[in-house]
Amino acid sequence: MSDRVFNFNPGPATLPLPVISEAQRELHNFKNTGMSILEVSHRAKEYEEVQTETENLLKELLGAPSDYRVLFMGGGASSQFAFIPLNFLTPGAQADYILSGSFAQKAYEEASRIGKVNIAATTKGTNYDRVPALDEIKLSANPAYVHLTSNNTIYGTQWQKFPEFNDTPLVADMSSDILARPIDASKFDLIYAGAQKNLGPAGVTVVLLNPELLAKANTNLPVIFQYGTFVKNNSLYNTPPTFAIYIINLVLKWLKNNGGVPAIAERNKEKAGLIYKTIDNSDGFYKGHAQKDSRSLMNITFRLPSEELETAFAGEAKKAGLVGLKGHRSVGGMRASIYNAMPVEGCKTLAEFMKDFQKKNG
Ligand SMILES: *Cc1c(COP(=O)(O)O)cnc(C)c1O
């Protein structure tokens with residue numbers, strides 16, 4: 001489809017074209033209801049089937065233990081920053097946060113409004129150019145949970161190996177790399193992700209929850225702020241973002257039909273490799289922000305020799321059909337977000353564009 005660009009935006013982000021085509025095909029009349037899925041009741045059998053199938057696909061693709069629950073919530077990943085301490089940072093307890101970027105920092109700040117928090121490690125000193133080494137993490141005496149961010153969307157860093165803390169619950173914000181590579185889901189007690197990066201459209205946040213952690217939750221909260229409410233009601237206590245969940249359903253089927261997480265992980269390595277290689281072979285024209293052993297496969301951050309060149313780069317890239325490459329203001333420069341749905345072709349085209357741009361301007 002020549003009217004499509006390669007979309008490197010950090011989120012909302014590119015979706016698989018077959019998903020968009022399928023949604024378009026069945027938008028007019030969903031499964032012979034004579035209605036669009038947008039118009040179907042969230043209590044209708046046709047919708048409940050979609051949601052249940054989406055839950056099961058998520059558990060299957062994440063390799064989650066069978067008793068874990070999948071929840072569909074509103075408010076974005078940012079609302080989880082508050083939900084988590086409201087439910088699990090109970091009076092008298094303390095929670096530990098590992099600060100590896102701005103979203104981790106926001107999660108920490110939100111929790112500090114609710115209870116006692118400890119910074120277990122931070123890489124702020126070097127503008128979050130890496131994730132902490134495992135031996136830099138210092139937990140407090142008996143934390144209610146440890147929170148980390150698996151992929152730092154703004155800085156372009158990603159944990160290569162996750163810490164393990166025996167009996168302390170581990171909570172992870174996986175908004176920007178959920179289902180990008182195999183993980184051992186049983187090592188996490190709560191995983192959350194805003195859908196608009198690697199799962200689907202904006203408007204829904206996916207939560208994977210260990211019932212053992214849920215058992216410790218504060219139930220002295222408004223019902224809408226309790227994870228237990230979502231568990232008990234299968235995320236149907238109130239109206240869930242039905243269309244966003246439906247699109248996730250299509251994305252997960254696309255992922256499964258393309259070999260699942262192991263296959264996409266290989267493709268993600270290949271894609272990121274094309275761009276990192278171009279950076280590394282540029283004799284310093286392109287400078288990566290992330291230290292090499294923390295490099296993200298999802299968000300690639302790099303600078304050019306001057307801000308003028310960075311502006312020219314973004315402008316010319318756009319003309320070449322490569323959009324959304326401007327970096328976040330806290331890092332500057334460029335950022336290529338190459339989530340699961342970005343085709344290899346997009347990364348090849350970007351790598352070629354980078355080489356040409358350097359030839360003309362280097
Ligand atoms: C985008 C992002 C968020 C914020 O998500 P919202 O859905 O906009 O609240 C949080 N954490 C990470 C890692 C992100 O990439």
Side-chain angles (χ1 to χ4, degrees), residues 7-15 62 71-86 97-111 113 121-124 127-132 145-160 162 170-181 183 188 190-208 225 230 235 240-241 243-245 247-248 251 268 272 289-290 294-301 324 326-331 335-342:
N7 174 6
F8 294 92
N9 272 297
T14 194
L15 287 167
L62 282 164
L71 312 177
F72 298 106
M73 301 176 70
S78 302
S79 71
Q80 297 299 314
F81 297 167
F83 258 100
I84 290 158
L86 279 172
Y97 280 74
I98 301 176
L99 305 192
S100 55
S102 326
F103 289 117
Q105 173 89 31
K106 282 188 174 163
Y108 164 78
E109 282 164 12
E110 206 73 322
R113 293 169 167 271
T122 177
T123 52
K124 192 172 186 190
N127 199 20
Y128 296 126
D129 64 350
R130 62 181 180 92
V131 299
Y145 59 86
V146 181
H147 178 282
L148 64 76
T149 312
S150 58
N151 182 75
N152 300 285
T153 322
I154 291 175
Y155 297 90
T157 65
Q158 189 175 29
W159 293 82
Q160 313 299 318
F162 291 110
L170 184 56
V171 172
D173 177 358
M174 294 199 184
S175 293
S176 50
D177 70 348
I178 189 166
L179 296 178
R181 55 179 175 171
I183 57 157
F188 297 88
L190 192 157
I191 291 172
Y192 64 100
Q196 70 273 22
K197 279 130 191 177
N198 219 15
L199 285 178
V204 62
T205 305
V206 166
V207 175
L208 182 74
F225 295 141
F230 289 79
S235 307
F243 189 71
I245 293 166
I247 298 288
I248 293 181
V251 170
N268 286 336
H289 176 73
S294 287
R295 278 176 165 177
S296 168
L297 299 182
M298 299 277 98
N299 311 94
I300 301 181
T301 46
K326 192 169 158 27
H328 191 274
R329 62 192 175 278
S330 41
V331 179
R335 168 175 52 177
S337 296
I338 53 168
Y339 303 117
N340 286 353
M342 171 60 67

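These figures come from a predicted structure and were not determined experimentally. Read the numbers this way: they start at 1 and go in the same order the structure lists the ligands and their atoms. The basis for the numbers below is simple: all heavy atoms, side chains too, and nothing from hydrogens, waters or symmetry mates.
Side chain to side chain, Tyr155 and Ser102 meet the donor-acceptor criterion of an N or O pair below 3.5 Å. Using modelled atom types and a 3.5 Å distance limit, the side chains of Asn152 and Thr157 yield a donor-acceptor pair. Asp177 and Tyr339 form no side-chain donor-acceptor contact under 3.5 Å, judged by distance and modelled atom types alone. The closest side-chain donor-acceptor pair between Ser176 and Asn151 falls under 3.5 angstrom.
Applying the 4.0 Å criterion to heavy atoms of Asn151 picks out, from ligand 1, the atoms 13 (C). In summary, the atoms of ligand 1 found under 4.0 Å from a heavy atom of Thr149, numbered by their order in the structure, are 13 (C). Close contacts of ligand 1 with Ala77, meaning ligand atoms under 4.0 Å from a residue heavy atom, involve 3 (C), 4 (C), 5 (O), 6 (P), 7 (O), 9 (O), 10 (C). Of all atoms in ligand 1, numbered sequentially from 1 with element shown, those under 4.0 Å from a heavy atom of Phe81 are 10 (C). With ligand atoms numbered from 1 in the order given, ligand 1 contributes 7 (O), 9 (O) to contacts under 4.0 Å with heavy atoms of Gly76.
What sits closest to atom 15 (O) of ligand 1 on the protein, heavy atoms only, is Thr153 OG1, 2.4 Å. Looking only at protein heavy atoms, the nearest one to atom 9 (O) of ligand 1 is Ser78 OG, 2.6 Å. When only non-hydrogen protein atoms are considered, atom 11 (N) of ligand 1 lies nearest to Asp173 OD2, 2.6 Å. Nearest non-hydrogen protein atom to atom 4 (C) of ligand 1 is Phe103 CE2, 3.6 Å.
Distance OG/Ser175 to CD/Gln196: 7.0 Å, rounded to 0.5 Å.
For Tyr192 and Phe83, the distance between ring centers is not under 6.0 angstrom.
Nearest heavy atoms, Pro241 versus Val204: CG-CB, 3.6 Å.
For Tyr192, no heavy-atom contact with ligand 1 is shorter than 4.0 Å.
Ring planes of Tyr108 and Tyr97: perpendicular class, angle over 60° (limits at 30 and 60°).
Comparing Gln196, Lys106, Met174, Lys197 against atom 1 (C) of ligand 1, the shortest heavy-atom distance belongs to Lys197.
Contact between Thr205 and ligand 1 is absent, with no heavy atom of the residue lying under 4.0 Å from the ligand.
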